[in-house]
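Each remark here refers to the structure printed beneath this line.
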Amino acid sequence: MHISEGVLNPQVLITGSALAVIGTAIGLKKLDYDRVPQVAILSATFFVASLIHIPLGPGSVHLVLNGLMGLFLGWVAFPVILVGLTLQAILFQFGGLTTLGINTLNMALPAIICYYIFEKSAKNNNFNLSVFTSFLAGAGAVFMSSLAVALSLIFTEESFWPMAKLIVLMHFPVMIIEGLIVAVCVQFLKKVRPEMLDAAYVK
Amino acid sequence: MDESAAIISLKEIYFTYPRGKQVLEGLDFNFPQNGRAGLVGPTGSGKTTLVHIIMGLLKPDSGRVEIFGSRREKESDFRDVRARIGFLFQDADDQLFCPTVAEDVAFGPLNLGVPKSEVRKLVKDTLGQLELDGFENRVTYKLSGGEKRLVSLATVLAMKPEMLLMDEPTTGLDDKTMERLVHLLLKSNLPYLIISHDNEFLKQTTNRIYRMNKGTILDQVRG
Amino acid sequence: MDESAAIISLKEIYFTYPRGKQVLEGLDFNFPQNGRAGLVGPTGSGKTTLVHIIMGLLKPDSGRVEIFGSRREKESDFRDVRARIGFLFQDADDQLFCPTVAEDVAFGPLNLGVPKSEVRKLVKDTLGQLELDGFENRVTYKLSGGEKRLVSLATVLAMKPEMLLMDEPTTGLDDKTMERLVHLLLKSNLPYLIISHDNEFLKQTTNRIYRMNKGTILDQVRG
Amino acid sequence: MNFEEFSTGSSFIHRLDPRIKIITAVLFSVTVALGDRFIILSAALVAALTLVLAARLKMMRVGYRLLIVNSFILLLWLFLPFSYPGETVFAIGPLEATREGIIYTLSITLKSNAIILGLIALLATSSIFALVHALRHIWVPDKLVQLFFFTFRYFHVMHQEYLRLRGAMRIRCFKPRTNWHTYRSLAYLVGMLLVRSFDRSERIYQAMALRGYQGKFWLLDHFSLRINDLVFLVISIIFIFALAVGQWTSLLP
């Protein structure tokens, strides 16, 4: 869910960058030096997972996984997503340099919202509660991100309205799939490696 | 050997890794029906490459791959091969990815379209056959090395293969699991090809040894 | 064996993993000065646990750990052990975490307080010793499997250890790198303990085999 | 899979100091992103294209990258000309394309491609590791650079693990479809990758501890600015300054 270079106006780019800098600073402060390797390997894995094609009808979608990142990382999602997007910009030219701020914000803010709302309940031992809330975290984060992308476009130029609506609509199936995958994934981790959910990635 | 009776027939196979190292240099190989053989050779001689080519995980640069009497070239040609040849990876951890043993064993049959109602029984039977009764709900990740090896064999046997390919199945096995594996292989009536460094194990389970050397194969029958 | 001459002396070591699996049950182990030994046993028999206890990465539930003549209990006791025993991980990728070979080799010495001005020479010498001249600016992740293994050995040797501990150093090595490793070990004058499944390799490099079994060790000298 | 396909080469651009390339790329991107005059954007596009040519990259691959990145731009072309208010140029049924809309979309297209080509020429021609070193020498916080470096380092390792597990799934005849079995299996795959990454991160941390890690990563100097680097920097800054002047003053028609 990247917005390409050259699309957004300076106001949106600058606001996005400023907020992303603040979020990243908070995230880095909450990240101990000792935890850097651990968080980085997790972030590398998210990066790998986002390359998986998930079939959907005749086409396929990619996982975003910012909801799952939020559940693990809280504020540290900011620097992790910034790093991921920077790598994508350099390696594949997805997104770009001037859009790094706004793109990071659009993905990381929903992750943090999911962290505050769903973290406790998703890791709860009650199976139904955990399935339900981790689904919401996965789907909700994608929904909020698509909304944020739409808003970034509309704040740039009102004529983006029809396209913005389409972007949000297009993400509905992605939301569902992402929700399902995150819900199953959390149950998998609870069963196979519960220590991982308790691990303190964040100060 | 009569080539028409071969399950696997490779001709003039060349394979080079992206980094430029040529590992197979005009390799010819025929694996007979009902063969029970070992594949030996120094590390880096291309044994794993060879079996990956048989399973269609790697594509040779040139040469002819014929399996079960049909030429295999495209990805889709190998789907049938994979349903009929069971392949055991060197590292069981690379093979097992489901949370529970039952789900891992059921994965292959479900992919082959076996109805869910039958899969449950199939899982139970396969585990029983390997004396792993009651393992259904065990978490695969937490099994011991030997148990993981047997479960990964179960995931393969559940697909009712017509032949087995195994890459170093004895690495890290304790003596008891080793004995069980030998016993299971001998009592099965499947043909198999085993890559192994363990001569003792090969002596017990196979009657023919193929030796890889400089990208080709020397056939060598043992009495 | 004379215990006073032991570099490593473990007594009555018990260790249980958090999930309840006991792996070491009253293990006694003495590793002699100038020892060159192999440690064998099936997967899950506690070999890795044992060496992790020696390095202070795991704390035993009970028992006495004595290394280089001093009792080791607290984290701080092991700092000295880690500076003096070089440990080679099974997977070189776990050990090579710096961008370039030079930085990876320099990492340990710099942490030990060797001044930057000397480190450069130390890096060059260590790489030279392993016949890895000119590798300084190579990117670690792009090295081949064999090169990674040798560089990870370099990262350990650069710390001037008094002993080496190696966990399956031959996994995935081609024969040529294997020969180089054997040669390097034999010409070094360090004592070492090698966990390995590779009997051929152990035969060439060691003169004593310890066999782990059910949480204890059987000593077994080879002629 | 080669993720840094443009980074190996011997052109003068490949040999430039990565610090210079980063600074130039940032200044160039920001200036172009903020600009909106056709002549300026066209000049930027030509300049970026020149750099790509000078870097002697495989043009087929560059074209492929552009194609992917332009899919979003293509989407814009389907909407913006019709939703942007202005003077109607042509109509498709009830949809009326405006002159202003077409101009606006065209300017976005120019900007986007100019910046992307600039990124390919300047950043993709350095290895990530060179960039990591460069970042440590400029204003970026060390913790962030470490995170960036480790993420990329272990991205390769985890990608290999992914390919092995994916191969194991293929061997058992897994064929992804739009169904629950597929989604559940892929979720397991992601879960298993996370578990393995967790175990690996513990091992790496141990390996660091064994070599005396105390929270500090060391930096060995690699860079020394050469005359070529300075010449390139000066020319780029003059060019970017000229773009800015052209954009924000009335010197150009």
Side-chain angles (χ1 to χ4, degrees), chain A residues 2-7 10 13 24 28 31 33-34 36-45 47-49 51-57 63 65 79-80 82-84 86-87 89-94 96-98 157 159-163 166 177 180-182 184-185 188-189 192-193 196 199, chain D residues 3-4 25-26 29-30 32-34 65 69 72-73 75-76 79-80 83-85 101 104 108 111-112 115-116 119-120 123-124 128 131 141 143-144 146-148 150-152 154-155 158-159 162 176-178 182-184 186-191 193-195 197-198 200-201 204-205 208 215:
Chain A
H2 311 81
I3 304 179
S4 303
E5 285 278 12
V7 176
L13 290 177
T24 304
L28 286 178
L31 172 64
Y33 246 113
D34 275 4
V36 168
Q38 207 174 1
V39 167
I41 294 154
L42 194 65
S43 123
T45 312
F47 196 12
V48 170
L51 299 177
I52 302 176
H53 292 272
I54 310 284
L56 177 64
L63 294 175
L65 295 180
V80 162
L82 174 63
V83 161
T86 310
L87 280 172
I90 298 171
L91 298 176
F92 315 126
Q93 293 81 46
F94 294 162
L97 286 187
T98 67
E157 166 58 55
S159 331
F160 275 114
W161 254 112
M163 190 171 153
L166 180 78
I177 291 176
L180 289 175
I181 300 249
V182 171
V184 174
C185 202
F188 179 96
L189 296 175
V192 172
R193 202 80 165 91
M196 206 178 158
Chain D
F3 292 101
E4 298 173 282
V26 170
S29 303
V30 170
V32 177
L34 301 185
R65 293 288 180 92
V69 177
F72 185 76
I73 303 294
L75 199 63
L76 292 184
F79 280 89
L80 272 185
S83 59
Y84 202 90
Y104 181 61
I108 289 178
K111 267 201 241 188
S112 192
I115 299 178
I116 288 161
L119 288 186
I120 291 179
L123 296 188
I128 293 288
L131 295 175
K143 219 189 265 177
L144 191 59
Q146 283 312 325
L147 189 64
F148 181 78
F150 265 101
T151 301
F152 185 66
Y154 287 100
F155 169 66
M158 293 315 299
H159 191 252
Y162 163 69
R177 292 190 178 85
T178 306
T182 299
Y183 296 156
R184 191 187 48 191
L186 290 175
Y188 288 164
L189 172 66
V190 173
L193 282 175
L194 288 170
V195 168
S197 75
F198 183 72
R200 187 178 286 277
S201 71
I204 293 165
Y205 189 74
M208 290 165 63

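The sequence lines fix the lettering, A, B, ..., with proteins before strands; numbering per chain opens at 1.
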Per-residue contact mode, [X] against chain A (heavy atom under 4.5 angstrom):
{"X": "D:Ile115", "value": "side chain"}
{"X": "D:Ile204", "value": "side chain"}
{"X": "D:Phe148", "value": "both"}
{"X": "D:Leu75", "value": "both"}
{"X": "D:Ile128", "value": "side chain"}
{"X": "D:Val32", "value": "neither"}
{"X": "D:Phe79", "value": "side chain"}
{"X": "D:Leu76", "value": "both"}
{"X": "D:Arg184", "value": "both"}

- [ ] Check whether the side chains of A:Thr98 and D:Ser29 place a donor and an acceptor atom closer than 3.5 Å, and report yes or no.
- [x]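 The criterion, which ignores hydrogens and geometry beyond distance, is not satisfied for D:Ser29 and A:Thr98.
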Task: Separation of D:Gln146 CD from A:Leu31 CG (nearest 0.5 Å) - done: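 It is 11.0 Å, given to the nearest 0.5 Å.
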Open item on the list: Would you compute the distance between atom CG of A:Leu82 and atom CG of A:Leu87 and round it to the nearest 0.5 angstrom?
Closed with: 9.5 Å
Do [X] and [Y] have side chains that approach each other closer than 4.5 Å (heavy atoms only, starting at C-beta)?
{"X": "D:Phe152", "Y": "D:Glu4", "answer": "yes"}
{"X": "D:Tyr162", "Y": "A:Ile52", "answer": "yes"}
{"X": "A:Leu51", "Y": "D:Phe155", "answer": "yes"}
{"X": "A:Arg193", "Y": "A:Phe188", "answer": "no"}
{"X": "A:Ile90", "Y": "D:Leu119", "answer": "no"}

Looking only at non-hydrogen atoms, find the nearest pair between [X] and [Y] and report the distance.
{"X": "D:Tyr84", "Y": "D:Gly101", "answer": "CB-CA, 3.4 Å"}
{"X": "D:Thr178", "Y": "A:Gly57", "answer": "OG1-N, 2.7 Å"}
{"X": "D:Arg177", "Y": "A:Pro55", "answer": "O-CG, 3.2 Å"}

Would you mind telling me which of [options] has the largest number of heavy-atom pairs within less than 4.5 Å of chain D?
{"options": "A:Phe47, A:Trp161, A:Phe94", "result": "A:Phe47"}
{"options": "A:Val80, A:Thr45, A:Leu65, A:Val184", "result": "A:Thr45"}
{"options": "A:Val36, A:Val39, A:Thr86", "result": "A:Val36"}
{"options": "A:Ala44, A:Pro79, A:Ser4, A:Ser159", "result": "A:Ser159"}
{"options": "A:Ala49, A:Pro10, A:Pro37", "result": "A:Pro37"}
{"options": "A:Leu180, A:Leu42, A:Leu63, A:Leu91", "result": "A:Leu91"}

Task: Intermediate values then yes/no, side chain to side chain contact (heavy atoms under 4.5 Å, CB included), D:Tyr205 and A:Asp34 - done: CA-CA 8 Å; D:Tyr205 189 74; A:Asp34 275 4; 3.2 Å; yes
Given heavy-atom pairs under 4.5 angstrom as the criterion, report whether the side chain, backbone, both or neither of [X] touches chain D.
{"X": "A:Val182", "answer": "neither"}
{"X": "A:Leu56", "answer": "both"}
{"X": "A:Tyr33", "answer": "both"}
{"X": "A:Val7", "answer": "both"}
{"X": "A:Ile177", "answer": "side chain"}

- [ ] Among D:Val69, D:Val26, D:Leu80, D:Val30, single out the residue with the greatest number of heavy-atom pairs under 4.5 Å to chain A.
- [x]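 Result: the option with the highest number of such pairs is D:Leu80.
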Task: Residue among D:Leu186, D:Leu144, D:Val190 with most heavy-atom pairs under 4.5 Å to chain A - done: D:Leu144
Open item on the list: For D:Pro176, is there any backbone N or O sitting under 3.5 Å from a side-chain donor or acceptor partner on D:Thr182?
Closed with: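 A pair under 3.5 Å: no.
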